[in-house]
Number of protein chains: 2
Amino acid sequence: MRIGQLAEATGTTTKTLRFYEESGLLPPAERMASGYRDYTDDAVGMVGFIHRGQAAGLTLAQIGQILRIRGHGQAPCSHVRNLLGGRLRELDAQIAELLVLRETISQLHAQAAEPEPDTCTANEVCRYI
Amino acid sequence: MRIGQLAEATGTTTKTLRFYEESGLLPPAERMASGYRDYTDDAVGMVGFIHRGQAAGLTLAQIGQILRIRGHGQAPCSHVRNLLGGRLRELDAQIAELLVLRETISQLHAQAAEPEPDTCTANEVCRYI
DNA sequence: TTTGACCTTCCACTGTACTGGAAGGTTCAT
DNA sequence: ATGAACCTTCCAGTACAGTGGAAGGTCAAA
């Protein structure tokens with residue numbers, strides 16, 4: 001399979017696939033006599049995995065780790081479980097932070113409801129922030 | 001006030017203050033005979049405003065808009081209110097997305113609890129993702 | 001006078017995940 | 001034979017908010 005067909009099959013672009021190879025996410029593809037990359041069907045699964053990993057909020061670097069462990073013939077299960085656990089803790093922290101921020105902004109927004117107040121003092125930038 | 005003193009007073013670095021000036025957030029500072037930047041007390045308020053704006057999740061570009069409106073002698077109130085409203089909508093969307101993601105990852109993590117299953121098939125990267 | 005702290009500009013780099021474009025080679029249909 | 005569609009490499013740039021470092025100028029104290 002040529003790179004354009006793989007891109008089509010996985011819903012991405014040839015640019016991105018070359019970028020994944022260069023970044024060590026995909027193993028270097030075999031080449032045809034012409035120099036064109038020649039992918040096996042495995043590649044479709046790997047690119048699909050990259051997309052699912054991204055949807056799970058993993059970085060390309062983390063996805064690359066899993067892919068390389070798998071590439072060495074090992075099962076990456078415990079590594080994956082650790083990554084997911086870490087991601088879960090990050091998400092909880094991030095959500096908590098955003099909820100606090102939402103409260104803050106909501107209050108600022110409500111305060112800014114009064115139009116163009118005369119109570120602005122010249123030496124402050126904005127009464128509301 | 002020299003740049004180092006302003007940095008000290010506002011809890012930032014001289015690098016960052018020059019970066020703010022270059023980015024159009026702070027107006028170009030007056031210069032002493034030596035060429036050193038010479039800040040007035042206003043600058044402390046502006047840098048404080050930048051920090052509060054960042055804490056409210058505004059980008060430097062948005063903060064810069066407010067600062068420049070204020071710099072033209074106008075009250076940026078309605079603009080600020082619009083920005084805060086937009087930010088609020090973004091936050092709500094972002095929080096909703098993260099909650100969905102948290103659910104997904106939580107399930108994947110729970111599924112990955114069984115250690116090193118024999119149910120992995122050779123042609124998939126990872127049973128769990 | 002010389003040391004050290006401070007300041008200046010300029011250029012390049014960080015991390016993340018790509019994207020754009022130039023210059024050239026290959027394959028296939030007409 | 002020629003044009004379109006595809007492929008190759010390499011270089012450079014995007015957004016964001018800075019950070020690092022080099023080479024040199026300024027100022028106060030010892």
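For the numbers below, each heavy atom of this structure counts, side chains included, while hydrogens, waters and symmetry mates do not. Proteins come first, then strands; the chains are lettered A, B, ... in the order of their sequence lines, and each starts at number 1.
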_pair B:Leu25-B:Phe19: side-chain heavy atoms closer than 4.5 Å_ = no
*Report the end-to-end axis angle of the helix from C:dT1-D:dA30 to C:dT30-D:dA1; each axis comes from five terminal pairs, and the value is rounded to 10°.*
40°
*When you list every nucleotide of DNA chain C with an atom under 4.0 Å from a heavy atom of chain B, which one comes first 5' to 3', and which comes last?*
C:dC6 to C:dC10
Provide a list of protein-nucleic acid N or O atom pairs under 3.5 angstrom, restricted to nucleotides 4-6 of chain D.
| residue | atom | partner | partner atom | Å |
| --- | --- | --- | --- | --- |
| D:dC6 | O2 | A:Tyr36 | OH | 3.3 |

*Hey, could you give me the CZ/CG distance between B:Arg2 and B:Leu6, rounded to the nearest 0.5 Å?*
12.0 Å
*For A:Leu91 and A:Gln94, run side chain to side chain contact (heavy atoms under 4.5 Å, CB included): C-alpha distance rounded to whole Å, both residues' side-chain angles, the deciding distance at 0.1 Å, then the answer.*
CA-CA 5 Å; A:Leu91 270 179; A:Gln94 205 181 340; 4.1 Å; yes
*DNA chain C contacts among residues 48-63 of chain A, heavy-atom distance under 4.0 Å*: A:Gln54, A:Thr59, A:Leu60
*asked:* Between B:Arg68 (side chain only) and B:Gly24 (backbone N and O only), is there a donor and an acceptor less than 3.5 Å apart?
replied: yes
*Of residues 19-28 of chain B, the positions that come close to DNA chain D - non-hydrogen atoms, cut-off under 4.0 Å*: B:Phe19, B:Tyr20
*How about A:Leu17 and A:Arg37: do any of their side-chain heavy atoms sit closer than 4.5 Å?*
no
*Residue list, salt bridge (Lys or Arg N to Asp or Glu O under 4.0 Å) with B:Arg87, at least two apart or on another chain*: B:Glu90
_N/O donor-acceptor pair under 3.5 Å between A:Asp38 side chain and A:Met1 backbone_ = yes
*Step by step, work out the side chain to side chain contact (heavy atoms under 4.5 Å, CB included) result for A:Ile50 and A:Leu67.*
CA-CA 9 Å; A:Ile50 294 173; A:Leu67 248 7; 3.8 Å; yes
*Expressed in angstrom and rounded to an integer, what is the separation of B:Arg37 atom CZ from D:dG25 atom P?*
17 Å
*State, to 0.1 Å, how close A:Arg102 and B:Leu88 come at their nearest heavy-atom pair, and which atoms those are.*
O-CD1, 3.8 Å
*Verdict with supporting geometry, B:Glu103 and B:Leu99, side chain to side chain contact (heavy atoms under 4.5 Å, CB included)*: CA-CA 6 Å; B:Glu103 248 333 280; B:Leu99 286 173; over 6 Å; no
*Using a cut-off of strictly less than 4.0 Å, decide whether B:Thr13 has a side-chain nitrogen or oxygen near OP1 or OP2 of D:dT19.*
yes
